[in-house]
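These notes are about the structure you will find just below.
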Amino acid sequence: MIFNSLTYIAFLFIVIALYWLLPRKQRLLLLFVSSLVFYGFWRFDFLLLLLTSVLVDYFAALRISKSSSQRNRRIALLVSLTINLSLLVFFKYFYFIAQNGNWVLDFIGLDFRFPDLDILLPIGISFYTFQSISYTIDVYRRRIDATKDFVLFANYVIFFPQLVAGPILRASEVIWQLDWRPKFVASCLVDGTKRIIGGLFLKVVLADNIAGFVDQGFSSDLSAISAIDTLTLSFLFGFQIYFDFAAYSHIALGTALLMGIRFPENFNFPYLASSPREFWKRWHISLSSWVRDYLYLPLMGSQPKEGSVGGIGSALTKAPTSWAAGGALFGTWALMGLWHGAAWAFVLWGLWHAALIMAQRLTSNFTKKLKIQTQLIGGWVITLPLVMLSWVPFRTQSLQDTFILWAHLFTFDAWFYIGLGENTYIVTFLSLLFFLFFGFLNRIQPQYNAKWPLFSALTNFLIMTVMILLVLVYLRPIHQFIYFQF
Amino acid sequence: MVGAFSLALWFLNYMFAEQSVKFDELALGPETTSVYPHLGGNRIHCKDWEDRVECLAPLSSKPANKKFLWLGNSQLHSINQRKPNQYPASLYLTKNLAKVDISAITFSQPNASLLEHWLLFEAISSEIKIDVLVLAIVFDDMREGQIRQSISSASQSAKIKEVLNNSAFGRRILSKLQDTTELDDQPETLQTASENWITTKLENCCGWTSTREQARGRISTELYQFRNSVFGISANSQRRIIPSHYNQNTQALRAITERARQLKTKVIAYVAPLRSDVERPYIAEEYEGFKTMVEATLRDGGGHYYDLENLVPSKYWGLKDSTNISGEPEIDFMHFQGEGHKILADELFHILEECTR
């Protein structure tokens with residue numbers, strides 16, 4: 001089911017009303033069934049795959065929890081990881097592996113070919129697989145106890161607000177909230193509704209209306225556009241994907257809040273970051289925290305942190321002292337790229353970010369000596385375009401198109417003309433302005449609310465009215481959320 | 001929260017009700033009338049690929065006749081300051097062609113690009129053999145780079161997809177068309193079925209839901225006029241070519257001529273009539289370069305090129321509605337009055353006689 005649809009709103013009305021009326025046991029069953037219905041609106045047949053992941057991790061975690069033998073615990077963990085990752089690799093990466101494998105086989109002159117299978121990517125598989133894996137690993141690490149209640153555990157994995165595009169949450173953050181019956185608090189309904197409206201506004205008013213310009217720009221003759229156009233399209237897609245994905249997170253957080261369940265924040269104005277490391281504390285925080293705790297820190301030989309907060313940026317404080325540590329940095333980001341999509345362009349996106357972090361580390365001795373204001377403003381001015389340019393391979397999903405676009409930046413003549421429609425530049429500029437304005441508003445709001453409460457209430461009321469009006473006008477399920485494809 | 005919701009609903013209900021705005025004809029206004037004529041009960045002038053069943057049927061009904069297809073932009077279906085009994089050139093031309101046993105059909109859309117003409121030509125040719133293709137080539141439309149959904153839907157058909165996959169240009173455009181996040185072209189799912197059901201129910205019970213489309217149109221119009229006012233844009237404003245779109249349209253023209261040669265379809269392309277009594281809103285070298293490019297492409301592709309730029313006398317051109325918030329009517333460079341349509345139809349008939357002799 002798509003969040004930006006009337007169907008979802010109707011579904012939400014029914015589920016929320018029943019949720020607050022039913023006692024605990026039935027409430028958990030309601031969430032279980034409604035999550036299956038939510039997913040089934042896309043494809044009912046893939047529910048089997050989803051439930052396979054749930055069953056595997058439920059039993060593996062129980063086995064790990066019960067067993068006193070380290071060997072048996074490890075076997076149970078390996079079984080869980082193997083099944084989960086095999087499903088992920090088969091459904092998401094088979095075509096990529098086959099394509100590259102066939103190329104290698106051709107190159108070395110072998111006659112063997114990978115079969116040509118028509119595989120449909122199950123929606124949300126990357127998200128629920130990572131969430132499910134984190135549970136088994138946390139039980140293995142003895143950070144949490146395995147739950148015996150199957151429905152409770154299943155709800156943790158398939159809870160509909162975060163099922164198909166995150167946030168990727170930890171069992172320690174969610175299971176107790178699902179298990180515990182919160183008292184009905186009207187403010188949860190109000191705050192949840194506000195977040196949902198905010199999310200819908202970002203999606204249907206901003207992201208969906210930007211999408212046309214992005215699609216048109218990237219489908220034009222890329223060799224004929226200029227350096228300024230490359231930057232413009234990078235910024236524009238950067239805003240589209242941010243509005244789109246942040247919208248999803250807002251709606252997920254708001255929906256959970258309607259049920260009295262609080263999820264950690266997934267975004268924190270990432271384009272205000274003044275360094276690549278800070279960007280990774282602000283962008284897709286739950287994924288980058290997952291990668292930090294289950295990949296990067298173990299590879300670095302460090303102790304994992306706890307919870308899906310802080311992002312991987314919080315673990316990047318130490319400069320790598322060895323090639324192995326540098327390898328861990330680049331390897332982690334390459335895998336993070338591949339997690340997004342089965343294409344070399346996504347690997348390039350990951351490596352680009354690893355290179356930015358490495359560059360920050362190598363220049364940190366120099367930048368530390370600068371004034372704090374210079375560090376912040378100068379850092380933002382440098383970080384923003386570099387981060388935006390990283391979206392080029394993400395959007396084109398083609399190395400060839402990426403290099404065509406990036407090459408314009410190094411071509412002297414390409415800086416002296418423009419090659420896109422005028423509205424593309426206007427929309428890009430307005431998106432930047434909108435983002436900066438709300439970033440600023442977010443920063444000053446607490447003081448502003450305290451100083452002028454009445455004026456603040458009136459402003460909030462007007463902003464909310466305009467957002468509701470525009471959501472009512474533009475709410476149509478015409479565009480998929482971009483992160484659904486991952 | 002309830003207050004904000006009520007206020008928003010009230011605003012939607014009262015401010016946007018009873019406004020009728022057509023998105024794709026935003027720039028025309030009431031001074032310019034769109035007419036898609038019929039002849040003998042049959043449609044002879046169509047807009048989109050979605051009209052194909054109705055539009056192509058009369059052509060199939062006379063298999064012995066030669067088939068003529070005319071593709072162009074809003075110049076073909078718009079009449080400035082229309083008077084009673086004035087029709088677009090397509091009607092006059094179709095009548096004349098019928099006398100010499102040629103069945104004709106015209107497709108035109110506002111700001112139609114050569115990319116769209118190419119896809120329509122490929123799609124229509126996959127349904128029916130076209131003997132003569134006439135292309136109205138407009139410099140302004142070389143700035144367009146999109147294929148609207150009502151035409152790109154043609155690429156969803158397996159038959160047409162197969163045809164497009166036979167050329168490098170076709171494969172490239174096909175992959176670009178699939179490279180969007182739009183859901184309009186997806187097959188029906190439980191989601192779309194429930195969405196349609198809820199939308200219909202809401203439209204039947206709650207007035208405000210049916211004003212949503214008007215509201216979107218109204219907001220687009222206001223933003224368009226506001227942008228023009230802020231940047232001082234009017235019909236007279238000089239517009240540069242957009243290189244990436246220009247190149248794609250050039251490639252599309254080449255693809256049309258190549259495909260036409262394979263299909264043994266005669267191509268006649270003309271540079272569309274343009275108002276000549278006022279300074280043109282183009283950079284002279286760019287416009288001349290465009291004409292040279294069209295002529296060279298047609299020559300290389302074995303087609304026929306005509307420059308009809310000065311065909312319609314100044315007195316037959318008109319005014320269009322204001323494109324900014326000033327409300328002042330503006331010079332229309334694209335659409336002429338009813339008499340201009342007769343002149344264009346006659347000229348094209350003579351050209352066709354000359355080329356098909």
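So that the names make sense, note that chain A is the first sequence line, chain B the second, and so on, each numbered from 1. Computed from a predicted model, the values in this text were never measured in an experiment.
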Can you tell me which portion of R227(B) sits under 4.5 Å from chain A's heavy atoms? Options are side chain, backbone, both or neither.
side chain
Is L462(A) close to chain B through its backbone or its side chain, or both, or neither, when contacts mean heavy atoms under 4.5 Å?
neither
Aromatic contact, F3(A) with Y248(A) (centres under 6.0 Å):
yes
Look at the rings of W349(A) and H340(A) and say which category their plane angle falls in: under 30° parallel, 30 to 60° tilted, over 60° perpendicular.
perpendicular
What part of I426(A) gets closer than 4.5 Å to chain B, counting heavy atoms only: side chain, backbone, both or neither?
side chain
Salt bridge check: are R476(A) and E213(B) linked by an N-O gap of less than 4.0 Å?
no
Please classify the contact of L202(B) with chain A as side chain, backbone, both or neither, using a heavy-atom distance under 4.5 Å.
side chain
Selection from L420(A), D229(A), I225(A) maximising heavy-atom pairs under 4.5 Å formed with chain B
L420(A)
Using non-hydrogen atoms and a 4.5 Å limit, figure out which bit of D401(A) sits close to chain B: side chain, backbone, both or neither.
side chain
Mind checking the NZ-CG spacing from K194(A) to L189(A)? Nearest 0.5 Å is all I need.
12.5 Å
Close aromatic pair by centroid cut-off 6.0 Å: F412(A) and W415(A)
no
Quick check: do T255(A) and V15(A) have side-chain heavy atoms less than 4.5 Å from each other?
no
Turns out that what part of Y246(B) lies under 4.5 Å from chain A's heavy atoms comes down to neither
